[in-house]
2 protein chains.
Amino acid sequence: MTMAEVARAAGVSVMTVSYAYGQPGRVSDEARARVREAAERLGYPGPHPGARSLRRGRTGNLGVVLGEHLTYAFDDPQASRFLAGVAQVCADHGMALTLVPVTGGPSDVDRVTAAAVDAFVVWTTADDDPVIDAIAATGLPATVHGGPRRDDLAFVAVDDRAAARAAGIEVFAGARHPAVLSFPLDRARISSVSFGAPSNAGVTAHSGTSNVGVAPSDTVTTEAGPARATAGIDPEASTFRVTRQRLRGFRDAWAEAGGDWSQVRVAVCSTNSAREAEALAAELLTGPHACDAVAAMSDELALGTLRAAARLGLSVPGDLTLSGWDDTDAAAPAGLTTIAQSLRDQGARCARTALGHPAPGDRDTEVAWRLVRRVSTRRP
Amino acid sequence: MTMAEVARAAGVSVMTVSYAYGQPGRVSDEARARVREAAERLGYPGPHPGARSLRRGRTGNLGVVLGEHLTYAFDDPQASRFLAGVAQVCADHGMALTLVPVTGGPSDVDRVTAAAVDAFVVWTTADDDPVIDAIAATGLPATVHGGPRRDDLAFVAVDDRAAARAAGIEVFAGARHPAVLSFPLDRARISSVSFGAPSNAGVTAHSGTSNVGVAPSDTVTTEAGPARATAGIDPEASTFRVTRQRLRGFRDAWAEAGGDWSQVRVAVCSTNSAREAEALAAELLTGPHACDAVAAMSDELALGTLRAAARLGLSVPGDLTLSGWDDTDAAAPAGLTTIAQSLRDQGARCARTALGHPAPGDRDTEVAWRLVRRVSTRRP
DNA sequence: CTGTTAGCGCGTTCAG
DNA sequence: CTGAACGCGCTAACAG
């Protein structure tokens, strides 16, 4: 069923049919009626989208790439909020939103280059993710959220280091045994509990070190994983820009309190889930190195920590101060001190930028964040 | 930057380049190396996805259409779980997931026909939604979740009527003033509070009727809205199959308890949100017709009801019995009696069916659900 | 307002 | 293993 057949049946030229669909005003009422009638009769579903976009040079699709398995788009609350903002802008412009099927394997590069889209939005991935090169190589407009930051791609993110410093100052105030509950450090996504380590440190032995989880089976587990777990956490070694900047910011805050990074215990979650956080937090909050302050990289992780504290009979902020990140709906009821930012707005901004429709402040204005003080920390 | 240019630069024919990408095994190592080198040098990003799919006759995209604004995909927890299942299957098959930009306006039909996809999955929409005809007209494989049910499209849904009956029997046991907290009745999505009405009833005046919300501005508000609000709720009049079947099921349950549908108060939410539910529930739980049993169509709505009850100082199940739907993570902690079903599995099933890769039981097995009894209802 | 021409970039033929 | 022709289905650009 092609346009030519409809044209023949309607007794008009192919271009008249094309116009009848694409620019109806350019065709006489009569011709349009005949075309519609013939199309109806033949069951012609309208111009073939693929052929049309080949000819026009645009697809009407905005591609979204996650540095994660595709299901993350709907499973992770942060990604979800971000994508809601992207979706809003897509709907405004009549663009479809195409989630490119990333699985973590090497074929992801091919899938990205095979995506028929007009622009890309990239949700946080690792600096060494080959997918990011593939995207840059397409030459299509692309905006990266969170990281990595590159000269050839647009970039949107809050100043994570400054925000982490602000949260750290708050949560570490008066603390003696601070801890950080962190996102994964790199693509191996190995969870661990250890102490901070200076960037130029060699292997520092810590008896408290342990591996709690394992990397997903389809992920390449590098030798760096276990090694790092015994070496302590070096912020500079993280290949996720967001994680790196937040670790730096927490380190800054503790340094300002006169402390040393090697005193800070760092638990790394392999996923952004309260469940996993609860298990890791239980480890942070018990034993000879039990912590009295936890700076978490998301509200989900902080909520898991709250649950662990409750189970251990620890009071907040009496025995433990705690901060989260994002100011999600659950943060206020839980009394959680947190960093407020709108991932939804940031998603919208990424989409606008990628589609070439920036709003007035999109290019220049910094992305907004603010510290929200609640009862999980002590300062007034 | 086309394939022909790469071929010229590499000193081979265009087809050699094509094979080098599409069927590398069919090309000599040397030719492949020269092609890769030339491509690298010229910055050729690989075969143009659009041209490739035009030629091949497949796009590698699974289209998803929601009977809602695009942001619903990420904002509504039920849609989100469903789509996580769809995404899982897409990732398994290396297919991209394209969310077709639906806004509720008349242009939605064009957007659907303009979608370059190999198959469609449709998330619950109204029987009279023109989008569903457009999808059928494309002739592409399509699977509808929830409704409408059509002979020409595959269909996946639980037996909502039977499940609602089961929940209703549970929650209405011993009740004197039952109520239903419902999803929207039709595309106008007007929220209201009124009583049930028999299907063949004329206009039944109810002084308790009120409009709580209004339809979104981009939605056509038909005259049926306000009129229906004063006429009482007739299950048969709902154009959303899921809503209709659940209303029928709740009616069945109350009838089995010897009651009449016109005694059942029905509050209709315009969205699936605890916030709106809280306001409507407050209305159900107060005044001369105060209810003592609420069957909600989702856990979100039930949780909103719980909040309203708490604020009014009502005890559950003492003063009020309550049931939800879906058995979400929040249901167990809240002690909510609910209908358990896996929207994630259903999403996966829809995707498999649409893509023509059904799993062993997909075609025949009924979709699973079960009643989960908790403390929000009274029976042992 | 309608028709003609000339491809968009690629991949499936089928020879060689 | 490689090359030449043809067309996937449509539309920009121009006549007429």
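Under the side-chain hydrogen bond (donor to acceptor under 3.5 Å, both in side chains) criterion, B:S28 pairs with no residue, sequence neighbours left out. Among residues two or more places apart in sequence or in another chain, the salt bridge (charged side-chain N to carboxylate O under 4.0 Å, His left out) test is passed with A:D345 by none. In this structure, B:F240 has no ring-ring contact (aromatic ring centres under 6.0 Å, His included) partners at least two apart in sequence or on a different chain. Considering only residues two or more places apart in sequence or on other chains, A:T71 meets the side-chain hydrogen bond (donor to acceptor under 3.5 Å, both in side chains) condition with A:H69. Listed by chain and residue number, A:D75 satisfy the side-chain hydrogen bond (donor to acceptor under 3.5 Å, both in side chains) test with B:R344 (two or more places apart in sequence, or in another chain). Applying the side-chain hydrogen bond (donor to acceptor under 3.5 Å, both in side chains) test to A:D152 and every residue at least two apart in sequence or in another chain returns A:R150. Taking A:D128 as the reference, A:R187 meet the salt bridge (charged side-chain N to carboxylate O under 4.0 Å, His left out) condition, with sequence neighbours excluded. In this structure B:D151 satisfies the salt bridge (charged side-chain N to carboxylate O under 4.0 Å, His left out) test with no other residue, sequence neighbours excluded.
C:dG11 atom P lies 11 Å from atom NE2 of B:H48, rounded to whole Å.
A:T16 has a side-chain polar atom (N or O) that falls below the 4.0 Å cut-off from OP1 or OP2 of C:dG3. Contact annotation: B:T2 reaches the phosphate of C:dC10 (side-chain N/O to OP1 or OP2, under 4.0 Å). One finds a side-chain N or O of B:Y44 lying less than 4.0 angstrom from the OP1 or OP2 phosphate oxygen of C:dC10.
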Under-3.5 Å N/O pairs linking protein and nucleotides 11-14 of chain D:
| residue | atom | partner | partner atom | Å |
| --- | --- | --- | --- | --- |
| D:dT11 | OP1 | A:R52 | NE | 2.6 |
| D:dT11 | OP1 | A:R52 | NH2 | 3.2 |
| D:dT11 | OP2 | A:S18 | OG | 2.7 |
| D:dT11 | O2 | A:R55 | NH1 | 2.8 |
| D:dA13 | N6 | A:Y19 | OH | 3.4 |
| D:dC14 | N4 | A:R26 | NH2 | 3.3 |

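At its two ends the helix from C:dC1-D:dG16 to C:dG16-D:dC1 runs along axes set 30° apart, each axis drawn from five pairs and the angle rounded to 10°.
Comparing B:L54 and B:V27, the nucleotide of DNA chain D nearest to each residue sits closer to the 5' end for B:V27.
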Show me the donor-acceptor pairs, under 3.5 Å and distance only, between side chains in residues 36-43 of chain A and residues at least two apart or in other chains.
| residue | atom | partner | partner atom | Å |
| --- | --- | --- | --- | --- |
| A:E37 | OE2 | A:R41 | NE | 2.8 |

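Checking each of A:L99, A:V64, A:T103 against A:L70 for a side-chain contact (heavy atoms from CB on, under 4.5 Å) leaves exactly one that passes, namely A:L99.
Within residues 5-12 of chain A, no residue places a heavy atom under 4.0 Å from DNA chain D.
A:R241 places no side-chain N or O within donor-acceptor distance of the main-chain N or O of A:P148, the cut-off being under 3.5 Å.
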